[in-house]
Participant: 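For reference, the structure I am asking about is given below.
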Amino acid sequence: MFKEKGPDVTFSQPVEEADGLKTQEMIINMGPQHPSTHGVLRVELTLDGEIVTRAVPHIGYLHRCFEKHCEAMNEYPKVIPYVDRMDYVAAMNNEHGFAIAMEQLMEIELNDRVEHIRVIMAELQRIASHLLAVGTFGLDIGAFTPFLYCFSEREKILDIFEKASGARLLYNYIWIGGLMNDVPDDFKTDVSSFVKTFRPKIKELNDLLSNNKIFLVRTANVGVLPEKVAINYGISGPSLRGSGVKWDLRRDDPYSIYDRFEFDVVVGKGEVGTLGDCWDRYIVRVREMEESLKIIEQALESMPDEGDVHESIPKKIRPPAGEIYSRTETPRGELGYYVISDKSTSPYRVKARAPSFVNLSVLPAISVGAMIADMVAIIGSIDIVLGEVDR
Amino acid sequence: MERISKETLLEKIKNEFDDKVIEVLDDGSYPLVLLKKEAIHSFCLYLKDKLNFIYLNDIFGTDRFTSEERFEVVYHLLSLRHRLRLFVKVRIEENDTELPTVTDIWKSANWNEREVYDMFGITFKGHPDLRRIFMPEDFEYYPLRKEFPLLGIPGSLELPNTTPEHD
């Protein structure tokens, strides 16, 4: 097998302590098969006793060169199932981003019904993804019950998706210029009954987990990511907002029809500890779910009943030569697609700017000085999906 | 500091780097500056210090598959204050694939430059830790170059035996 050439790591010489005991730095591998890395991530930890003095993430275990595959597709729509598999817990948001990029390149106008369905789907997916992030974050730290509460709610969202697209995880539902098919007749009642039942559940989650004494001890003042460091490392999404930066593409650089809806951008305030700690990043996700509910309610109200979801889908997708960049706010941050077209039916180059990849790169900076048990909390709070990190 | 518009930004860039800027494209949604290779570091430093582009979003490469100026490296910058995006593009020759690193300006350049190196073989002078990021360290090829076949090169990746020896 391959020997991976790591950075030059040498064991330090045993140090003679005052009381005659010898100490030595130790290197351990966290992962690649570790339940709290949420995938195959290996972190090489250098430890001084229980304190982490250095953390080097090694990635690439899931690398399948998505960008190379895109170049080999003979039609643009065939790329969409591949983008599903990047961030596989938020596939709807990935499709949305790619569809927007292609529509900008081909100058396709959509009708209001398509836009509304897309926004509702994207926000439902955001809630589902945040539920998974919050639930497994609690699970990593040792709180098992909230995880089950979160998953039973997520299940209801997946049921809505299944009714519309036939799939529960990887949908291929949002197409270039429209949708795979129209939503079922009872879509509106399904979604509004979900919204109604989900609101009290957030309060329940806050009582169970957010304000839990043990949870607070494990997450407050842990893995502090100051605002300046976050910006310097290019962090985006809830992790950036957890550090107090009010930056949300849905509000600051609106795409689709997000400029029509009223919602707040949630930022961390350092309520229980330092600004930018694990708890701040966690609570931003919980509160964002409420904001998503607000958007869904408004979208349900203004969604027109008439409109063909297939009307703008082009027969042959052959965009003009050119380059386009489009960005969307996914549950993990800014997902951008840079598409270069050479006037053929397949892309010349697709570059995905994956938020998890960039967010993970901050790990060495914020984990130095943490206890080894806190590494689990720090990795969980950044909320990475390895399918997107490795692409 | 006042928010500046896209037009002012491009004008400032043209005034400051008149002889280094080859072309400015502003027909799409975001402006793109095509820059001479040797100016990239000082240009980035100027953008960060003077024009508040404190956020480096992305760096990526493209293989144009031409005999001259084969590779392109695109720097994607964002100014949170001005709410402006700027794409900076440099083109480099196939036999001289070296660029100065910008990791000393933005930390986010670290992994992105490693990805460009891994996929295209473009090296960054002064990078603190230029290792392959996705592929194994002893992999000899650069997968996103156009001449690399989709199915890979047989034998280039050592795979474990599929049949157990004691079978």
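The sequence lines fix the lettering, A, B, ..., with proteins before strands; numbering per chain opens at 1.
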Participant: Counting only heavy atoms closer than 4.5 Å, note whether S236(A) contacts chain B via side chain, backbone, both or neither.
Facilitator: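 Both the backbone and the side chain of S236(A) come within 4.5 Å of chain B.
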Participant: With heavy-atom distances below 4.5 Å as the criterion, would you say the side chains of E71(A) and L144(B) are in contact?
Facilitator: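 Yes - at least one pair of side-chain heavy atoms lies under 4.5 Å apart.
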Participant: Please find the pair of heavy atoms, one from G234(A) and one from S108(B), that lie closest to each other, and give the distance.
Facilitator: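 Where G234(A) meets S108(B) most closely, the heavy atoms are N-CB, 3.8 Å.
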Participant: Contact part of V362(A) toward chain B, heavy-atom cut-off under 4.5 Å: side chain, backbone, both or neither?
Facilitator: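 No part of V362(A) comes within 4.5 Å of chain B.
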Participant: Using non-hydrogen atoms only, which part of D253(A) is less than 4.5 Å away from chain B: side chain, backbone, both, or neither?
Facilitator: side chain
Participant: Against chain A, label R114(B) side chain, backbone, both or neither, depending on which of its atoms sit under 4.5 Å from a heavy atom there.
Facilitator: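 Contact with chain A: none, neither part.
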Participant: Does any non-hydrogen side-chain atom of R391(A) lie less than 4.5 Å from one of E115(B)?
Facilitator: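 Yes, close enough: below the 4.5 Å cut-off.
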Participant: Counting a contact as any heavy-atom pair under 4.5 Å apart, which residues of residues 343-352 of chain A contact chain B?
Facilitator: Y348(A), R349(A), K351(A)
Participant: Is it the case that the side chain of K107(B) and the backbone of I231(A) share a donor-acceptor pair, with hydrogens and angles ignored and the cut-off at 3.5 Å?
Facilitator: no
Participant: So for atom NZ, which belongs to K146(B), do other residues, nucleotides or ligands contribute more than 12 heavy atoms lying within a distance under 6.0 Å?
Facilitator: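 Correct, the count exceeds 12.
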Participant: First locate atom NZ of K68(A), then atom CZ of F148(B), and finally report the distance between them rounded to the nearest 0.5 Å.
Facilitator: 7.0 Å
Participant: Given that the side chain runs from C-beta out, which part of N110(B) has a heavy atom under 4.5 Å from chain A: side chain, backbone, both or neither?
Facilitator: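 It is neither, since no heavy atom gets under 4.5 Å.
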Participant: Counting C-beta onward and ignoring hydrogens, is there a side-chain heavy-atom pair between F60(B) and E67(A) closer than 4.5 Å?
Facilitator: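 Side chain of F60(B) against side chain of E67(A), heavy atoms only: no contact under 4.5 Å found.
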Participant: Which value, rounded to the nearest 0.5 Å, describes the distance between T62(B) atom OG1 and E323(A) atom CD?
Facilitator: 7.0 Å
Participant: Quick one: what part of F87(B) sits under 4.5 Å from any heavy atom of chain A, side chain, backbone, both or neither?
Facilitator: side chain
Participant: Roughly how far, to the nearest 0.5 Å, is CZ of R327(A) from CG of N57(B)?
Facilitator: 10.5 Å
Participant: Which of the residues S361(A), A365(A), S326(A) is involved in the greatest number of heavy-atom pairs with chain B at under 4.5 angstrom?
Facilitator: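 Ranked by contacts with chain B, first place is S361(A).
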Participant: Between chain B and each of I235(A), D342(A), V245(A), I324(A), count heavy-atom pairs under 4.5 Å; write down the option with the most.
Facilitator: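 Winner by heavy-atom pair count: I235(A).
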Participant: If you count heavy atoms of other groups shown closer than 6.0 angstrom to CD of E68(B), is the number above 12?
Facilitator: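 No - once you tally the heavy atoms of other residues, nucleotides and ligands closer than 6.0 Å, there are 12 at most.
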Participant: Please flag which part of L62(A) lies under 4.5 Å from any non-hydrogen atom of chain B: side chain, backbone, both or neither.
Facilitator: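 For L62(A), no heavy atom lies under 4.5 Å from chain B.
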Participant: Check whether L105(A) gets within reach of chain B through its side chain, its backbone, both or neither, counting any heavy atom under 4.5 Å.
Facilitator: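 Neither part.
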Participant: Taking ring-ring contact (aromatic ring centres under 6.0 Å, His included) as the definition, give me every residue that meets it alongside Y55(B), ordered by chain and number, with sequence neighbours left out.
Facilitator: none
Participant: Pick one of side chain, backbone, both or neither for L56(B), based on which atoms fall under 4.5 Å of a heavy atom in chain A.
Facilitator: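 Answer is backbone: N, CA, C or O of L56(B) sit under 4.5 Å from chain A.
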Participant: For a quick test of reading the model, state the closest non-hydrogen atom pair linking W111(B) to I59(A) and the distance between them.
Facilitator: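 For W111(B) and I59(A), the tightest heavy-atom pair comes out as CZ3-CD1, 3.9 Å.
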Participant: Counting heavy-atom pairs under 4.5 Å to chain A, which of R85(B), H76(B), K48(B) comes out on top?
Facilitator: R85(B)
Participant: Is there side-chain contact between Y325(A) and V74(B), with heavy atoms separated by less than 4.5 Å?
Facilitator: no
Participant: Minimum heavy-atom separation for F134(B) to F357(A), with atom names?
Facilitator: CZ-CE1, 3.8 Å
Participant: Donor-acceptor pairs are to be reported for all side-chain atoms of residues 32-41 of chain B against protein atoms at under 3.5 Å, with residues two or more places apart or in another chain.
Facilitator:
residue, atom, partner, partner atom, Å
K36(B), NZ, D19(B), O, 3.1
K37(B), NZ, D96(B), OD2, 2.8
K37(B), NZ, E98(B), O, 3.3
H41(B), NE2, D104(B), OD1, 3.3
H41(B), NE2, D104(B), OD2, 2.9

Participant: Does anything in residues 117-128 of chain B reach chain A? List residues with heavy atoms under 4.5 Å apart, or say none.
Facilitator: M119(B), F120(B)
Participant: Where does I105(B) contact chain A at under 4.5 Å (heavy atoms): side chain, backbone, both or neither?
Facilitator: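 Backbone only.
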Participant: Output the option from I340(A), V358(A), D252(A) having the highest count of non-hydrogen pairs under 4.5 Å with chain B.
Facilitator: D252(A)
Participant: Counting only heavy atoms not in L151(B) (residues, nucleotides, ligands), do more than 12 fall under 6.0 Å from its CG?
Facilitator: no
